[in-house]
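Below: one structure, written as structure tokens.
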Amino acid sequence: MNKFRTKLLIALITLIISVLVGLGILLGQLFKSYYLQSFNERLKIEKNLLGTYIEEHGGVSSFKQQDVLKISDMLNVRATITDQHGNILYDSGEFNDLSSTGLKKIIDDVVKKKIVKEARLEEGDGYDLHYYWKALTKDGQKEGYIFLSTKTDELNQAYSQIWWILSISLGIALIMILYLAIRITSRYTKPIEEATTVAIELAKGNYRARTSNSKMAETGMLETAINQLANNLQKMVKTQEMQQDRLTALIENIGAGLILIDSRGMINLINKGYIEIFQVNPNEYLNQLYYEVIEQKEICQLVAEVFRTEQKVRNQLLIPLQIERRYFDVYGVPIIGSNHVWKGVLLVFHDITEMKKLEQMRKDFVANVSHEIKTPVTSIKGFAETLMDGAMNNKETLEAFLSIILKESDRLQSLIQDLLELSKIEQQGFQLNLQQVDLNDLLHEVVTLLIGKAQAKNIHLELTTNGIPVRIKGDLDRLKQVFINIVSNAINYTPADGYVTVSVRDLGDLAQVLVKDSGVGIEKEEIPRIFERFYRVDRARSRDSGGTGLGLAIVKHLIEAHHGNIHVKSEVGKGSEFIIELKKQ
């Protein structure tokens with residue numbers, strides 16, 4: 001804006017100087033013309049008055065040299081009187097000066113009637129000469145001529161004074177005008193400069209810039225409009241940023257993969273969910289054709305179908321990702337703007353792998369429950385029918401069959417109790433009866449309860465502690481149920497002459513219980529599934545031991561209810577180790 005102010009001042013100064021110079025020249029010429037006209041008129045009047053005076057006082061013959069000198073002094077001119085033939089009779093000037101030659105030439109021209117006008121201007125060396133003449137008559141006859149001549153030195157001096165006066169006046173006017181111009185330009189350009197600066201800041205994105213409110217009515221509206229514009233832009237940008245943040249947060253945290261394809265088939269947007277699901281690089285996807293970067297043919301076919309039909313398409317796809325296969329519910333939506341303008345396709349990927357697993361687990365659970373219940377019910381029904389058909393009359397057969405029926409009934413009752421127990425634990429309102437529990441005392445009770453079972457198989461069951469109490473906050477009965485289940489499983493899956501060791505460790509904020517056996521072990525791929533309902537590593541051994549297949553599922557839920565963790569280390573033929581970690585608080 002300083003450049004603008006400088007240019008404006010230069011333009012104003014140039015204009016003012018041009019106007020003042022033109023005005024000075026015009027005024028100078030007007031003064032010069034007026035002064036010259038007044039000078040000429042004066043000489044004409046003096047010439048006529050002098051001619052009339054000579055004619056009325058006796059003519060040329062009555063004049064003398066003294067009269068001519070007197071007239072010359074009075075009028076401040078050179079007076080010359082000649083006869084009718086041009087001979088000089090009286091002259092107040094010097095005939096030997098340079099002007100005499102010009103006077104003589106004019107006298108000759110007048111006598112010979114070469115000049116019609118009665119005035120003439122002769123330019124000399126550094127000065128001008130004005131000549132005026134008049135014919136003198138007496139009794140109607142031309143008696144001679146009177147010539148008046150004067151130099152224009154006074155006229156030139158007057159010109160110089162006029163130019164000095166004009167120069168000084170115009171110079172003072174120029175200074176005053178320049179001062180006023182600077183003040184006015186500063187006053188009027190400063191608000192414009194501020195408005196321009198604010199406009200530049202607004203263009204750069206600084207919507208907090210404001211102009212200072214001046215008291216000038218001429219620029220006040222501009223400043224008010226600029227400030228209002230900045231305020232509106234700030235509000236709009238703030239609203240847009242809030243909406244953009246909300247939209248970005250929604251897109252990035254929607255919990256599903258999202259990909260946006262424009263009408264040309266170019267990928268414009270992929271969210272964090274899509275990146276995490278498919279493990280892709282956004283830079284390799286954005287602004288690329290979808291069928292060139294999406295490797296899954298099923299997805300490309302779904303996009304092509306949306307483009308072709310312009311209808312919503314929904315499909316469940318099984319997509320291989322690295323080493324696993326995952327299920328996705330893919331929802332393709334055509335994006336159609338106003339006036340039915342086609343804008344592209346939006347794809348939403350919902351990972352339903354867990355839902356599929358849960359659905360399969362439910363099916364397996366129903367099948368397993370049905371199978372587990374069907375077996376004892378079938379046995380009870382079969383033996384009961386056999387007894388009713390006459391086998392009850394044989395006492396030995398009756399006792400054997402009733403023993404089997406009782407065993408199957410106990411097994412059925414145990415299965416039902418475990419199902420009810422698992423259902424109770426999985427309920428949302430399930431609560432633990434928390435109290436201070438010493439794990440050393442608790443595990444000592446568990447080992448005492450199961451020592452007989454271990455001795456029956458000649459298995460060495462041992463509890464290892466350092467004698468220092470390890471206290472946690474937990475449910476005594478539930479924890480006892482957990483450890484009985486784990487130690488009992490270790491005994492069941494350990495061959496005769498093996499061992500089972502239980503040890504306790506204090507890890508500061510955590511308490512760790514390790515149950516290690518020398519049993520059959522677990523296949524590596526089966527370890528993640530041993531906590532599923534009704535899953536058995538060795539179905540025949542589990543069924544012979546009276547297991548329902550729900551024990552470890554109950555254990556896992558109870559450990560998680562205590563905000564703890566359970567891990568398993570195992571090798572086939574070398575035994576297994578269950579590691580339970582519980583928080584002290």
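None of T494, D497, L450 except one satisfies the side-chain contact (heavy atoms from CB on, under 4.5 Å) rule with I459; the exception is T494.
Going from atom CG of L479 over to atom NE2 of H562 covers 4.0 Å, rounded to the nearest 0.5 Å. A distance of 8.0 Å separates CD1 in I491 from NZ in K457, rounded to the nearest 0.5 Å. In this structure, the separation between CD1 on I566 and CD1 on I580 is 4.5 Å, given to the nearest 0.5 Å. Note that CE of M266 is 12.5 Å distant from CG of L260, once rounded to the nearest 0.5 Å. Summarising the geometry, atom CD belonging to E241 is positioned 12.0 Å from atom CE belonging to M236; distances are rounded to the nearest 0.5 Å. Considering CG of L507 and CD of E581, their distance stands at 7.0 Å, rounded to 0.5 Å.
In this structure, I335 and V333 have side chains that are not in contact, with every pair of non-hydrogen atoms separated by 4.5 Å or more. Contact annotation: the side chain of P282 approaches that of I275 to within less than 4.5 Å [non-hydrogen atoms, C-beta and beyond]. The side-chain heavy atoms of Q316 and K356, taken from C-beta on, include a pair separated by under 4.5 Å. Using a 4.5 Å cut-off on side-chain heavy atoms (C-beta onward), D506 and I468 make no contact. The shortest distance between side-chain heavy atoms of Y327 and D351 does not fall below 4.5 Å. Between V487 and V447 there is no side-chain heavy-atom pair separated by less than 4.5 Å. Proximity of L582 to L510: side-chain heavy atoms (C-beta onward) are nowhere separated by under 4.5 Å. Looking at L269 and L346, their side chains never come closer than 4.5 Å, going by heavy atoms from C-beta outward.
The two residues P469 and N440 make their nearest non-hydrogen contact at CA-ND2, 3.7 Å. Heavy atoms only, all atoms of each residue included: I277 and G257 are closest at CD1-N, 3.9 Å. When all heavy atoms of E252 and I270 are compared, the closest pair comes out as OE2-O, 4.5 Å. Here the shortest heavy-atom pairing between N315 and L317 reads ND2-CD2, 3.7 Å. When all heavy atoms of P495 and G519 are compared, the closest pair comes out as CD-CA, 3.8 Å. Residues N271 and A256 approach most closely at ND2-O, 2.9 Å, considering heavy atoms.
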Practice prompt. For the pair V520 and V572, evaluate side-chain contact (heavy atoms from CB on, under 4.5 Å) and give the outcome as yes or no after the intermediate values.
Written response: CA-CA 6 Å; V520 296; V572 177; over 6 Å; no
Worksheet entry | side-chain contact (heavy atoms from CB on, under 4.5 Å) assessment of L439 paired with V513 | CA-CA 9 Å; L439 289 179; V513 178; 4.0 Å; yes
Item to complete: Check the pair R325, L318 against side-chain contact (heavy atoms from CB on, under 4.5 Å), reporting the backbone distance first and the verdict last.
Response: CA-CA 7 Å; R325 295 161 64 88; L318 177 60; 2.8 Å; yes
Worksheet item: Does the pair F578 and L514 meet the rule for a side-chain contact (heavy atoms from CB on, under 4.5 Å), with working shown?
Response: CA-CA 6 Å; F578 284 74; L514 294 88; over 6 Å; no
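Residue-environment remark: NE2 (H563) stays at or below the threshold of 12 foreign heavy atoms within 6.0 Å. Within 6.0 Å of the CG atom in D245, the count of heavy atoms belonging to other residues, nucleotides or ligands exceeds 12. Within 6.0 Å of the CZ atom in R505, the count of heavy atoms belonging to other residues, nucleotides or ligands does not exceed 12. The local environment of CD in E462 is crowded, with over 12 non-hydrogen atoms from other residues, nucleotides or ligands closer than 6.0 Å. Around the CD atom of Q240, the shell of radius 6.0 Å holds no more than 12 heavy atoms that belong to other residues, nucleotides or ligands.
Aromatic ring centres of F278 and F328: separated by under 6.0 Å.
Counting only residues at least two apart or on different chains, the ring-ring contact (aromatic ring centres under 6.0 Å, His included) pairs with a member in residues 287-307 are F307-W342.
With respect to R314 and D329, a salt bridge is recorded, a charged nitrogen being found less than 4.0 Å from a carboxylate O.
At least one donor-acceptor pair closer than 3.5 Å links the side chain of N492 to the backbone N or O of S488. One N or O on the side chain of S570 and one on the backbone of I522 form a donor-acceptor pair closer than 3.5 Å. Judged by distance alone, the side chain of Q279 and the main-chain N or O of E276 form a donor-acceptor pair under 3.5 Å.
Using modelled atom types, one finds no donor on one side chain facing an acceptor on the other under 3.5 Å when comparing K516 with S576.
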